Amino acid sequence: MGSSVSRDDFEWTYSEEPHASRRKLILAKYPQMKELFGHDSNMVYKVGFMLTLQLIACYFVQDAPWPVIILLAYCFGGIINHSMMLAIHEISHNLAFGHSRPLHNRILGIVGNVIIAVPMSISFKKYHLEHHKYQGNEEMDMDLPSKMEGVLFHTTFTKCIWLFLQPFFYALRPLFLRPKPATGLEIINTIVQIAFDVSILYFFGGKSLAYLMIGSLLAMGIHPVAGHFISEHYMFKKGYETYSYYGPLNAITFNVGYHNEHHDFPNIPGCRLPKVREIAPEFYNNLPCHTSWSRVLYDFVTDPDIGPYARVKRRSKPIPINPANLDVDGDTKAE
């Protein structure tokens with residue numbers, strides 16, 4: 001089974017999450033940072049390009065042998081699908097059309113979602129903005145592993161299994177720990193997804209649909225691009241709860257690796273996040289960071305100090321509801 005992790009609980013803290021305070025310090029020193037706020041006007045074209053690539057791939061794999069389909073799903077299709085998931089991450093922050101056109105962002109997210117083969121765009125947004133606003137909160141932040149995950153996956157072998165199963169935990173954890181009623185847009189997201197899947201099945205066949213589904217599943221598990229799930233917030237160095245990654249895979253993941261920068265300034269699109277570090281290097285250069293997502297996955301599995309428990313948690317507090325912080329879908333906005 002391999003060595004067991006040394007932790008038997010999360011890292012509990014009573015301090016506030018670090019991003020709001022750092023954001024205030026940076027803006028006070030570098031007010032020009034606000035010039036980076038806005039949206040990525042090329043997001044529509046990026047989403048359209050990935051959608052087109054996958055439709056072309058569906059045409060070519062419809063008669064391919066299963067080993068070829070699985071290989072292509074892991075090495076090509078899965079990477080595109082994971083990149084689309086991170087485009088949806090950008091869109092969830094209204095970074096495609098800006099905060100003044102939230103419905104346009106939601107529609108683009110639903111359209112891009114189709115190649116992932118499972119509806120997730122609208123549901124992801126509901127929980128992800130809470131991850132920003134209440135980072136580490138034991139009840140609100142569904143990015144945190146559950147107690148059960150920490151208990152069950154505590155050896156080298158079981159942590160490897162956990163990485164394979166990560167897509168299921170990531171998708172199902174909120175439904176069990178913090179279920180919310182379905183919204184109208186979630187229903188539309190599901191209907192559009194079913195219609196697309198049926199169309200792929202009808203025009204290209206089951207292998208093409210399987211190619212999309214397998215790619216989404218594999219690229220969220222033990223896959224280099226999936227390393228960001230672990231690198232972002234797992235505590236590789238005591239006292240630090242968010243980590244940036246500065247490496248080449250940022251080029252195909254909308255710079256999600258610039259994660260400290262993203263949490264500090266969620267209103268800045270990924271294409272401009274590197275400029276945050278350029279403008280305010282003294283705030284980021286001394287923070288621990290990663291340079292390889294593959295190495296992150298290896299360390300997660302083999303390091304006895306790292307596991308599902310290696311996350312910073314905060315006790316829950318009463319959360320006031322401010323109508324000004326609700327968007328068109330009734331979800332709280334990230335500050």
Side-chain angles (χ1 to χ4, degrees), residues 19 22-23 26-27 30 32-51 53 78-102 104-106 108-109 111-113 115-116 120-121 124-125 127-129 131-133 135 143 170 219-220 223-233 242-281 283-284 287 289-293 296 333-335:
H19 302 289
R22 185 162 60 230
R23 176 165 58 246
I26 293 174
L27 287 176
Y30 300 106
Q32 67 268 33
M33 194 71 74
K34 292 183 179 180
E35 297 175 8
L36 301 179
F37 290 9
H39 64 280
D40 181 355
S41 59
N42 292 318
M43 183 62 72
V44 172
Y45 306 109
K46 296 172 184 177
V47 168
F49 177 69
M50 290 187 286
L51 179 57
L53 277 182
I79 295 174
I80 296 175
N81 282 6
H82 199 112
S83 185
M84 183 67 83
M85 292 176 197
L86 294 171
I88 289 171
H89 165 254
E90 291 270 292
I91 294 166
S92 74
H93 288 284
N94 291 330
L95 296 177
F97 294 98
H99 292 291
S100 63
R101 294 193 285 175
H104 289 70
N105 288 281
R106 304 290 80 75
L108 182 62
V111 172
N113 192 156
I115 61 171
I116 298 170
M120 50 76 65
S121 178
F124 171 80
K125 174 187 173 292
Y127 292 102
H128 180 69
L129 297 191
H131 162 63
H132 274 264
K133 195 172 183 66
Q135 180 176 308
D143 190 71
Y170 201 79
M220 286 187 70
H223 194 290
V225 293
H228 75 89
F229 288 125
I230 306 300
S231 75
E232 291 167 356
H233 296 292
T242 305
Y243 301 77
S244 289
Y245 154 82
Y246 303 119
L249 291 179
N250 277 314
I252 57 173
T253 56
F254 294 87
N255 283 325
V256 74
Y258 286 79
H259 216 65
N260 268 304
E261 294 85 344
H262 170 60
H263 270 263
D264 289 351
F265 297 101
N267 290 328
I268 296 178
C271 61
R272 296 199 282 272
L273 284 178
K275 294 182 180 179
V276 173
R277 189 182 180 211
E278 291 177 11
I279 292 173
F283 287 93
Y284 298 104
L287 295 176
C289 63
H290 299 289
T291 57
S292 170
W293 279 337
V296 165
K333 295 178 181 178
E335 294 180 347

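Scope of the values below: all heavy atoms of this structure, side chains included, with no hydrogens, waters or symmetry mates. Because the structure is a prediction, the values reported are computed rather than measured.
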The side-chain hydrogen bond (donor to acceptor under 3.5 Å, both in side chains) partners of Glu90 (sequence neighbours excluded) come to none

Suppose we screen for side-chain contact (heavy atoms from CB on, under 4.5 Å). Which residues come up paired with Leu36, at least two apart in sequence or across chains? Met33, Ile268, Arg272, Lys275, Val276, Ile279

According to side-chain contact (heavy atoms from CB on, under 4.5 Å), who are the partners of Leu53, at least two apart in sequence or on a separate chain? Phe49, Ile80

Value for CG (Asn260) from OH (Tyr243), rounded to nearest 0.5 Å, stands at 9.5 Å

Listed by chain and number, what are the ring-ring contact (aromatic ring centres under 6.0 Å, His included) partners of Phe265, not counting sequence neighbours? none

With sequence neighbours left out, the residues meeting side-chain hydrogen bond (donor to acceptor under 3.5 Å, both in side chains) with Ser231 are Trp293

Results of ring-ring contact (aromatic ring centres under 6.0 Å, His included) for Phe124 - residues two or more places apart only: His128

Quick one: ring-ring contact (aromatic ring centres under 6.0 Å, His included) partners of Phe229, sequence neighbours excluded? His82, Tyr170

Could you work out, with side-chain hydrogen bond (donor to acceptor under 3.5 Å, both in side chains) as the rule, every residue matching Tyr284, not counting sequence neighbours? Asp264

Looking at Met84 and Gly112, what are the two nearest heavy atoms and their distance? CG-O, 3.2 Å

Is the number of heavy atoms from other residues, nucleotides or ligands under 6.0 Å of His104 NE2 greater than 12? no

Heavy atoms, side chains only, cut-off 4.5 Å: are His228 and Thr253 in contact? no

Partners meeting side-chain contact (heavy atoms from CB on, under 4.5 Å) with Asn255 (sequence neighbours left out): Asn250, Tyr258, Pro274

With His39, which residues qualify under ring-ring contact (aromatic ring centres under 6.0 Å, His included), at least two apart? none

Using the test side-chain contact (heavy atoms from CB on, under 4.5 Å), find all partners of Cys271 that sit at least two apart in sequence or belong to another chain. Asp40, Lys46, Pro269

In Glu261, His262, His233, His263, the residue satisfying side-chain hydrogen bond (donor to acceptor under 3.5 Å, both in side chains) with Thr242 is His233

Give the C-alpha distance, both sets of side-chain angles, the deciding distance and a yes or no for side-chain contact (heavy atoms from CB on, under 4.5 Å) between Met43 and Leu95. CA-CA 8 Å; Met43 183 62 72; Leu95 296 177; 5.7 Å; no

How many angstroms lie between NE2 in His93 and CG in Asn105, if you round to the nearest 0.5 Å? 11.5 Å

Given side-chain contact (heavy atoms from CB on, under 4.5 Å), test Leu86 with Val225 step by step and report yes or no. CA-CA 11 Å; Leu86 294 171; Val225 293; over 6 Å; no

